[in-house]
Amino acid sequence: MKAAPIPKNEKERLGSLYQSALLDTEPEERFDRITRTATKLFDVPISTLTLIDKKREWFKSACGIDEKEGKRAISFCGHALTADEVLVIPDTKKDARFFDNPMVIGKPFIRFFAGVPILNSDGQRIGVLCIKDTKPRKFSKSKQELLISLSAWAELEINSRNMSLALNSRRKLEAKLVIQEKEMKNARDAARNVLEDLQVEKEELTRAKAKDEALLKSIADGVVAIDQDRKIMLMNKKAEEILGWSAREMVGKSSFEVWKVADKNGKLIPKKNLPIAAAFRGKTIIADKSYFYIRKDGSRFPVSMTISPVVVKNKIVGVVAVFHDITREQEIDHAKNSFIALASHQLRTPLTSINWYTEMLLDGDTGKLTKNQRDFLNEIHIGSLRMTSLVNSLLNVSRLDIGTFIVNPEKINLILVFEEMLRESYKDIQGKKLKITTDFDNRIPSINADPNLTRIIVQNLITNAVKYTPTSGRIRIMVRQKQQNIIITVADNGYGIPKNQQNQVFTKLFRADNVKAKDTKGTGLGLYIVKSILDAIGGSISFESELNKGTTFTVTLPLQGMKKRLGTRELAFMK
Ligand code: ADP
């Protein structure tokens with residue numbers, strides 16, 4: 001027996017067979033009709049439309065046998081596959097290739113075979129249409145042509161199926177393409193929408209940025225923003241103008257590198273003490289007078305500034321400094337103070353004469369006075385004393401502001417100063433029936449302090465308590481030592497200071513609304529002077545007050561006393 005040969009182009013042939021998608025499919029009437037016709041036409045028991053797979057022959061249609069497939073090696077159709085046109089074996093037993101074939105010597109005992117190769121639409125041989133008989137037969141040329149015609153019919157069916165398959169898959173492909181196209185369109189639309197949104201957002205951002213920039217530019221103060229890494233993020237035109245650095249030179253640089261700050265003596269302020277450092281610790285710093293910025297050219301100018309932290313979600317992400325040059329304001333302030341100093345000074349001489357002469361008249365130095373004359377003179381005397389007090393206060397304010405006041409410390413006993421000042425106010429205390437209690441710690445040592453300045457401080461505290469406490473009120477004075485300080489408290493149960501005005505108590509000319517009518521003699525300068533003195537000598541003053549319940553002032557004086565100060569003018573005793 002000779003095994004069915006394998007064609008040279010077996011790979012392509014198999015590819016074409018698989019492409020046809022006929023293998024292992026259900027039987028189809030259109031093919032069964034062909035094999036049935038063949039058995040009838042040629043009067044044979046068996047006809048198959050056989051597809052030749054790699055290892056097997058598989059019957060797409062089989063008439064006369066029940067098998068679905070057989071082995072390719074022993075298959076007759078396997079031989080017919082490579083035949084020129086028709087392979088005819090009139091008697092298998094007489095053919096060397098088949099006589100001992102299992103299908104010849106065993107079931108179905110094939111003695112006759114005729115088969116025509118079936119071509120796929122691409123020209124590849126994928127199978128065979130054959131007829132078989134159990135008896136030897138002759139097979140004339142005309143019958144062979146008939147079998148060829150039947151094979152052409154089978155080819156037509158295969159290809160029409162292929163075509164419909166192809167059509168189908170093309171349709172599917174087209175449908176898929178339509179879907180894909182749709183999806184792409186959707187994706188394109190979505191992308192376009194996103195782009196449009198982005199564009200709108202970008203335009204809005206640009207608009208907002210332009211607005212912010214315009215706003216920043218129009219601010220008359222310098223504005224500098226610093227990021228978390230202490231780098232300068234932005235600065236406006238005014239800041240460039242004030243500092244002499246251009247934004248190009250400053251932005252991106254460490255703020256400490258380019259932006260130097262000095263104190264009023266010209267000493268550079270160390271990094272950790274800078275207001276920026278405090279702002280990064282969460283504080284808002286509002287300062288004027290005490291800081292000087294240094295321009296690019298090294299020159300120095302006083303600034304008024306507000307430095308605040310920028311907080312986002314409870315985190316400090318930067319700091320914004322708003323500032324302006326106050327050289328001009330300071331010059332004006334200075335000129336004003338100088339004028340007041342001069343004017344008050346000029347007023348002092350005539351006032352001294354008025355006081356002196358009225359006192360002489362009142363003492364009867366020029367003869368006895370009538371009651372009316374005495375009353376008028378008394379009014380003049382009170383008025384001129386008040387004016388002297390005001391002039392002295394004004395002089396003190398200007399001397400403190402200009403910084404020309406003298407500090408001349410000597411050993412003094414603070415308790416004696418209190419006793420002296422209480423004696424001076426004795427008349428008023430008596431007049432109002434005030435109850436004074438003192439609690440002086442006698443162990444307090446003498447301190448090195450300017451007696452004049454100390455008197456001004458003590459006198460103001462006492463006279464205020466006396467003035468702003470109604471008849472039969474109580475005043476309690478305490479002097480104690482606490483660590484390196486002497487703590488003075490003067491507490492009264494008088495009129496108190498309204499809460500909404502308490503932040504103005506140490507400003508010049510302030511008088512609270514609740515006492516203006518009750519006491520017309522005040523100038524509103526006393527506490528400003530006291531605080532300025534204490535600031536200058538390293539002390540401090542604070543108070544607590546409740547309306548109609550009373551006020552407690554607390555003064556801290558350093559135990560080490562005051563440092564000598566070589567000014568040109570002494571502060572005047574005011575009352
Ligand atoms: P004045 O000459 O008006 O007393 P001060 O500077 O000494 O000026 O005080 C400023 C203002 O503070 C006073 O006018 C008053 O309103 C308030 N004040 C000061 N001390 C007291 C006090 N002990 N009780 C109530 N108000 C006070």
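Counting begins at 1 with the first residue of the sequence.
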**Q** Can T370 and Q373 be counted as having a side-chain donor-acceptor contact under 3.5 angstrom?
**A** yes
**Q** When you look at L559 and N485, which way does the side-chain contact (heavy atoms from CB on, under 4.5 Å) test go after all the steps?
**A** CA-CA 5 Å; L559 203 61; N485 290 306; 5.9 Å; no
**Q** Under a 4.5 Å cut-off applied to non-hydrogen side-chain atoms, are L400 and Y528 in contact?
**A** no
**Q** Tell me whether R511 at atom CZ has more than 12 heavy atoms from other residues, nucleotides or ligands lying less than 6.0 Å away.
**A** yes
**Q** Using side-chain contact (heavy atoms from CB on, under 4.5 Å), reason through Y357 and T366 one step at a time and then give a plain yes or no.
**A** CA-CA 10 Å; Y357 283 114; T366 53; over 6 Å; no
**Q** How long is the gap from CD1 on I286 to CE on M305, to the nearest 0.5 Å?
**A** 11.0 Å
**Q** Rounded to the nearest 0.5 Å, how far does CG of L566 lie from CZ of F405?
**A** 12.0 Å
**Q** Using a 3.5 Å distance criterion without hydrogens, assess whether the side chain of K432 forms a donor-acceptor pair with backbone atoms of V466.
**A** yes
**Q** Taking all atoms of both residues into account, what is the closest heavy-atom pair of L243 and M235, and its distance?
**A** CD1-CE, 4.3 Å
**Q** When rounded to the nearest 0.5 angstrom, what is the spacing between CD1 in I447 and CE in M562?
**A** 6.0 Å
**Q** Could you tell me whether a side-chain N or O of D363 sits under 3.5 Å from a main-chain N or O of D365, the two making a donor and an acceptor?
**A** no
**Q** How far apart are the closest heavy atoms of R476 and D439, and which atoms are they?
**A** NH2-OD2, 3.8 Å
**Q** Run through D450, I529, L461 and flag the one making a side chain to side chain contact (heavy atoms under 4.5 Å, CB included) with I456.
**A** I529
**Q** Hey, could you give me each pair passing salt bridge (charged side-chain N to carboxylate O under 4.0 Å, His left out) that has a residue in residues 343-353? Not counting sequence neighbours.
**A** none
**Q** Using the side-chain contact (heavy atoms from CB on, under 4.5 Å) rule, take K315 and V312 through it: C-alpha gap first, then chi angles, then the decisive distance, then the call.
**A** CA-CA 5 Å; K315 231 182 115 202; V312 176; 5.8 Å; no
**Q** Between D263 (side chain) and N265 (backbone), is there a donor-acceptor pair under 3.5 Å?
**A** yes
**Q** When you look at E420 and R423, which way does the salt bridge (Lys or Arg N to Asp or Glu O under 4.0 Å) test go after all the steps?
**A** CA-CA 5 Å; E420 179 195 340; R423 264 197 310 277; 5.7 Å; no
**Q** Go through K564 and N408 one step at a time and tell me if the side-chain contact (heavy atoms from CB on, under 4.5 Å) criterion holds.
**A** CA-CA 5 Å; K564 197 174 170 67; N408 202 2; 2.8 Å; yes
**Q** Nearest 0.5 angstrom please: E424 CD to I429 CD1, how far?
**A** 11.0 Å
**Q** Can you check whether L571's main-chain N or O pairs, donor with acceptor, with N452's side chain at less than 3.5 Å?
**A** yes
**Q** Taking all non-hydrogen atoms of both residues into account, name the closest pair between I354 and S384 and its distance.
**A** CG2-CB, 3.8 Å
**Q** Using atom types as modelled and distance alone, determine if a side-chain donor or acceptor of K516 lies under 3.5 Å from a backbone N or O of G522.
**A** no
**Q** Please step through salt bridge (Lys or Arg N to Asp or Glu O under 4.0 Å) for the pair D375 and K371, ending with a clear verdict.
**A** CA-CA 6 Å; D375 288 349; K371 183 169 179 312; 2.9 Å; yes
**Q** What closest approach, in Å, do Q502 and I497 show between heavy atoms, and which atom pair accounts for it?
**A** NE2-O, 3.0 Å
**Q** Could R230 and F256 be counted as a cation-pi pair, given that NZ or CZ must be under 6.0 Å from the ring centre and within 45° of the axis?
**A** no
**Q** Determine whether I477 and M421 make a side-chain contact, defined as any pair of heavy atoms from C-beta on separated by less than 4.5 Å.
**A** no
**Q** Quick one: pull up NE2 in H345 and CG in L347 and give me the separation to the nearest 0.5 Å.
**A** 10.5 Å
**Q** So do the side chains of I462 and F418 get within less than 4.5 Å of each other, counting heavy atoms only?
**A** yes
**Q** Taking R455 for its side chain and V417 for its backbone only, find out whether a donor-acceptor pair lies under 3.5 Å.
**A** no
**Q** Take atom CD in Q484; do more than 12 heavy atoms of anything else shown fall under 6.0 Å from it?
**A** no
**Q** If we only count heavy atoms from C-beta on, is the Q560 to N448 side-chain gap below 4.5 Å?
**A** no
**Q** Hey, does E204 have a side-chain heavy atom less than 4.5 Å from the side chain of V200?
**A** yes
**Q** How close do V223 and F323 get, heavy atom to heavy atom, and via which atoms?
**A** N-CE2, 4.5 Å
**Q** In terms of side-chain heavy atoms, does K549 have a donor or acceptor partner in N493 at a distance below 3.5 Å?
**A** no
**Q** Would you give the length of the straight line joining atom CG of L434 to atom CG of D428, rounded to the nearest 0.5 angstrom?
**A** 9.0 Å
**Q** Taking the side chain as everything from C-beta on, heavy atoms only, tell me whether K563 gets closer than 4.5 Å to I537.
**A** no
**Q** According to the side chain to side chain donor-acceptor pair (under 3.5 Å) rule, which pairs have a member within residues 240-256, sequence neighbours left out?
**A** K237-E240, K238-E241, S246-E249, E249-K296
**Q** Verify whether one side chain among S545 and T551 offers a donor that lies under 3.5 Å from an acceptor in the other.
**A** yes
**Q** Closest approach of V391 and S344, non-hydrogen atoms and distance?
**A** CG1-O, 3.2 Å
**Q** Could you check whether any side-chain heavy atom of L422 comes within less than 4.5 Å of a side-chain heavy atom of T438, counting everything from C-beta outward?
**A** yes
**Q** Within a 6.0 Å radius of atom CZ on R295, are there more than 12 heavy atoms belonging to other residues, nucleotides or ligands?
**A** yes
**Q** With a 3.5 Å distance limit and no angle check, can you tell me whether D492 reaches the backbone of Y468 through a side-chain donor-acceptor pair?
**A** no
**Q** Mind checking whether I488 and L414 have side chains closer than 4.5 Å, heavy atoms only?
**A** yes
**Q** So, Q501 side chain and D513 main chain: donor-acceptor pair closer than 3.5 Å or not?
**A** yes
